[in-house]
Amino acid sequence: MDASEVEFLAEKEMVTVIPNFSLDKVYLIGGDLGPFNPGLPVQVPLWMAINLKQRQKCRIVPPEWMDVEKLEQIRDTERREETFTPMPNPHYMELTKLLLNHASDNIPKADEIRTLVKDTWDTRIAKLRLSADSFVREQEAHAKLDNLTLMEINTISTFFTESLNHMYKLRTSLQTPEDGQTQEY
Amino acid sequence: MWESYCAVEAGLGREENFLSLDDVLMSQEKLPCRLESGLARLGFLDKGGETEHIPQGSKMELPLWLVKGLYDNKRRIISVELPKIYRQGWRTVFSADANVVDLHKMGPHYYSFGSQLLNFDSPENTEIAQTLLQTFIGRFRRIMDSSQNAYNEDTSALVARLDELERVLFKAGQSGLNDFQNWERGQAAQITASSLVQSYKKRKFHETDT
């Protein structure tokens, strides 16, 4: 999977915007949006929010978790715990990137938020690698990866599944083949 | 990113993968053998010897594909000796620390070739298979970390000591990292021409040139 495909999936997340125009309810396949009234907050998917923002038709209200104090807390628990802690949003990385790139003027302390999210991400990736290594070392058969987000899985999945394939093959050659399988010419 | 050529990965086991280029290359690695019966009038094959026949008991280095064809438990034409990297001495080295070994120098197809050796019913089969697995596990962390951290730098020093199989893995890890970094820096959103189209244009230009 491509990182941009993950981003595409993340664009379905709902965010709150405050429009500066008025429009009746829009009926889309994915659900009805609106009605839009100037100054009244309304929930729209991220892709629409960014589009409206680019045309300067709205102001984006940052999600509740996109706040320096909350993110600091998240980062600290992430560093403290050994397992993965639940993230405020399954697409936190994509949301942060898209919102900060397109609507940094609507988000207070954008730079600090960027750093905090990046720190959390780095901690989680390090943990992911650590657990992948112990998974391989112990030759476990299955693992439970709670609270991992799609983007995180995506960065390591090709490499990891390929290694597991190799390991599986090396392990099957450990067992002597059954007599029925040897071919006589 | 789609590429025009999709590499077939090595079979890695008792059976090699017919379509895998890595396995084809691997199958011509030399394997020390001892002839259990004389070969009449094949002396010309042995460059060093001037005799007409190859006598019984002579030692030769034969490519793996030939050994696989000749080896037969009942007819006993040849017997296979283990290359030194799969013998006891080296196995101890691998179990001590697999990371220090230059697997590329020791025969670039360490894992595939080792798995193929299991075909020849050596008494040390179990140990060999065990060592192959443990070596892979021991080197896994190093490959993972180096492939996921080396962004935009020269990786030739990192892959120099890797086996062919590990290089494929390294590449997979690198593409995961590069993909993510590209996205993060906003380059993934830029629309570029497909690599297929680009190489097609080049070929066109080349053709008009001649």
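Residue numbers start from 1 in every chain, and the chains themselves are labelled A, B, ... in the order their sequence lines are given, proteins ahead of strands. Treat the numbers as computed from the prediction; the structure is a model and nothing was measured.
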Side chain, backbone, both or neither: which part of I125(A) has an atom under 4.5 Å from a heavy atom of chain B? neither

Describe, in one word, how the ring planes of F160(A) and F140(B) are oriented to each other, choosing from parallel (under 30°), tilted (30 to 60°) and perpendicular (over 60°). tilted

Should we count CD of Q73(A) as having more than 12 external heavy atoms under 6.0 Å? no

Per-residue contact mode, M151(A) against chain B (heavy atom under 4.5 angstrom): side chain

Quick one, H166(A) with Y111(B), criterion side-chain contact (heavy atoms from CB on, under 4.5 Å). Give me CA distance, side-chain angles, the key distance, then yes/no. CA-CA 9 Å; H166(A) 292 327; Y111(B) 297 106; over 6 Å; no

If one checks every heavy atom of S147(B) against chain A at 4.5 Å, the contacting part turns out to be side chain

Spacing of OG1 belonging to T158(A) relative to CD belonging to Q174(B), to within rounding of 0.5 Å: 12.5 Å

Atom group of Q139(A) that falls short of 4.5 Å from chain B, counting heavy atoms: side chain

Drop me the distance from M167(A)'s CE to L133(B)'s CG, to the nearest 0.5 angstrom. 6.0 Å

Can you tell me how far apart CG (D145(B)) and CG (D133(A)) are? Round to the nearest 0.5 Å. 7.5 Å

Rounding to 0.5 Å, atoms CD1 (I137(B)) and CZ (F135(A)) come to a distance of 11.0 Å

Hey, could you give me the CZ/CZ distance between F136(B) and R171(A), rounded to the nearest 0.5 Å? 11.0 Å

Neighbour count above 12 (heavy atom, 6.0 Å) for E153(B) CD: yes

Between CG of N165(A) and CG of L169(B), what distance do you get to the nearest 0.5 Å? 9.5 Å

Working note: L170(A) + L12(B), criterion side-chain contact (heavy atoms from CB on, under 4.5 Å); need CA distance, chi angles, decisive distance, verdict. CA-CA 7 Å; L170(A) 287 174; L12(B) 196 65; 4.1 Å; yes

Applying side-chain contact (heavy atoms from CB on, under 4.5 Å), run through E5(A) and W183(B) and close with a yes or a no. CA-CA 10 Å; E5(A) 287 166 339; W183(B) 170 77; over 6 Å; no

Is E184(B) salt-bridged to K118(A), cutoff N-O under 4.0 Å? yes

Heavy-atom contact with chain A under 4.5 Å, split by part of I143(B): both

